[in-house]
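This is a predicted model, so every value here is computed, not measured. Here is how names work: the chains are called A, B, and so on, in the same order as the sequence lines, proteins then strands, and each is numbered from 1. Computed from heavy atoms alone, side chains included, the values below leave out hydrogens, waters and symmetry copies.
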Amino acid sequence: MLTVKNFKKKYHQHEVLKGIDMTIEKGDVVALLGPSGSGKTTFLRGLAFLTPGDSGNIIFDDQKIDIQSATANDIKQLRQKMGFVFQNFNLFANKTALQNVEEGLVIGHKIPKAEAKQIAQEALKKVGLLEFSDHFPSQLSGGQAQRVGIARAAALNPEIILLDEPTSALDPELVADVLQVIKQLADEGKTMIVVTHEMAFARDVADKVVFMDRGLVVEQNEPAEFFDHPKSPRLKEFLSRISAASVANNSFEYEKSSVN
Amino acid sequence: MNTTFLIHTFWLSISGIPLTILITGAALLLGLPLGFGLAWIKIRKIKVLYPLAVAYTSLIRATPMVLLILLFYSTLPSFLNVIINKHFHLGIKVFDINPVIYAIIVFALIAIANLSEVFRSAILTIDPGQKEAALMVGLSPTQIYRRIIIPQALVSAIPNIGNLTLNILKGTSLAFMMAVPEITAVAKTAASYTYNYTEAYIDIFVIYFILGAILQVIFKFLERYLGRHKLKRTA
């Protein structure tokens with residue numbers, strides 16, 4: 001359904017993505033792992049042209065885009081097939097939870113108001129927040145805000161949902177609720193790419209796990225194989241650091257050691 | 001202290017209030033849309049217009065209000081006269097134009113420059129993440145500004161708009177130099193007959209204080225009303 005070829009991106013002189021190739025089939029849940037600075041988020045944002053790549057191709061169903069010569073219209077058409085969930089939620093601060101979900105339906109996709117309201121309510125209900133419809137983002141907890149963010153993306157029924165570290169900004173006790181909602185979407189057969197640090201979640205929910213390091217895809221595999229029999233030395237090292245960290249139950253150590 | 005004069009002049013000065021409000025209000029009404037336009041030019045860095053906008057803003061903001069008024073009032077009418085009558089022979093009596101018009105123009109020029117900075121900084125405080133989220137749900141850049149960014153920017157701009165309005169309100173007291181019969185001018189004229197300047201100044205003080213207090217209340221209300229979405233957790 002979605003094929004990415006030789007995706008490259010430079011910041012000034014620093015080559016963040018050195019040519020990423022990736023294929024995603026309909027219904028796939030792809031977990032994107034890697035140390036920070038590996039380019040996962042840059043890649044995800046590049047797919048949606050939020051920070052456009054420098055070169056490469058994106059083929060989405062029958063739409064073929066050369067990144068270098070993409071027009072505003074190409075990008076618009078591509079984005080219509082995508083939902084995006086942000087690390088910092090990025091809810092519209094001046095709109096209620098319900099209005100946040102309705103906005104894209106009514107204004108972006110020109111769905112009649114009454115119908116949009118119904119869809120939005122349905123979406124909020126799915127993430128367990130129907131009774132928070134009239135709350136403004138400032139009145140929601142991080143976990144609630146992120147679930148509204150997910151509802152906002154999912155309500156438009158995009159062909160793929162891109163999630164950029166959806167639980168990284170949350171307090172630990174709020175993570176589970178959000179992961180649960182994402183898992184629910186996966187169970188419904190939604191195609192998703194999730195950049196995450198939640199290993200258990202990746203193992204449990206993903207159909208394919210992709211490991212990125214220093215701007216390259218180093219290894220990709222189905223979760224069991226990926227975690228139990230890593231092949232490349234870099235992945236082995238990454239996984240051992242994480243398991244050491246989780247044994248020591250010290251996620252701070254993990255964060256620190258993964259910076260280099 | 002001449003109490004009779006104090007009270008008499010107080011009522012007399014009140015007759016200057018409408019002009020004070022007219023000048024402040026008109027300057028603000030002109031300043032809001034034009035200031036916003038200028039802010040837009042500065043944020044989008046629109047070609048050619050951008051350096052002009054920046055130059056205009058820093059020029060006006062760096063100049064004392066009094067100086068602008070003096071400069072404007074002493075040169076503009078003659079300048080207009082040369083252009084309109086000597087070049088185009090339109091025969092308009094420039095020197096008969098009501099000085100209130102000049103006052104409004106001067107204060108509008110000041111308001112535009114300052115409001116453009118107020119709007120610019122207010123728009124820049126809105127996290128660009130919301131813009132990205134809006135793009136992803138299919139809003140056009142114009143819709144994003146109109147529906148997401150401007151409503152929020154307006155709220156954070158309100159206190160600064162309030163400040164500026166207050167400054168202009170107080171600044172209109174300088175319009176007496178343009179022979180505009182606003183509050184200060186009326187009181188000073190009355191005092192000049194009898195040399196009861198202290199009483200006149202007390203009157204002026206009281207009136208500006210009342211007007212300023214009312215303005216502050218209005219802007220506090222606006223801030224709270226428009227910032228409803230910022231209310232902290234109620235449940």
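- By the 6.0 Å contact criterion, CD on A/Gln118 is open, its count of non-hydrogen atoms from other residues, nucleotides or ligands being 12 or less.
- Within the 4.5 angstrom heavy-atom criterion, atoms from both the backbone and the side chain of B/Glu132 approach chain A.
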* **B/Met136 and A/Phe86: CA distance, side-chain angles, deciding distance, side chain to side chain contact (heavy atoms under 4.5 Å, CB included) verdict** => CA-CA 11 Å; B/Met136 289 310 298; A/Phe86 299 85; 4.3 Å; yes
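- Between chain A and the options B/Gly138, B/Ala133, B/Ala134, the largest number of non-hydrogen pairs under 4.5 Å is found for B/Ala133.
- With respect to chain B, the highest number of heavy-atom pairs below 4.5 Å among A/Met82, A/Arg45, A/His109 belongs to A/Arg45.
- Neither the backbone nor the side chain of A/Asn88 comes within less than 4.5 Å of any heavy atom of chain B.
- Between chain B and the residues A/Lys110, A/Arg152, A/Lys76, the most heavy-atom pairs under 4.5 angstrom are made by A/Arg152.
- Between A/Ile107 and the choices B/Ile148, B/Leu139, B/Val137, B/Ile144, the side chain to side chain contact (heavy atoms under 4.5 Å, CB included) rule is met once, by B/Leu139.
- When heavy atoms are compared at a cutoff of 4.5 Å, A/Leu105 does not approach chain B at all.
- Heavy atoms of other residues, nucleotides or ligands lying less than 6.0 angstrom from NZ of A/Lys81 number more than 12.
- Per-residue counts of heavy-atom pairs under 4.5 Å with chain B were compared for A/Asn90, A/Val85, A/Ile75, A/Leu162; the largest is that of A/Asn90.
- In this structure, chain B has no heavy atom under 4.5 Å from any part of A/Gln80.
- A donor and an acceptor atom, one from each side chain of B/Gln152 and A/Asn94, are located under 3.5 Å apart.
- The neighbour count for A/Lys190 NZ, taken as heavy atoms of other residues, nucleotides or ligands under 6.0 Å away, is above 12.
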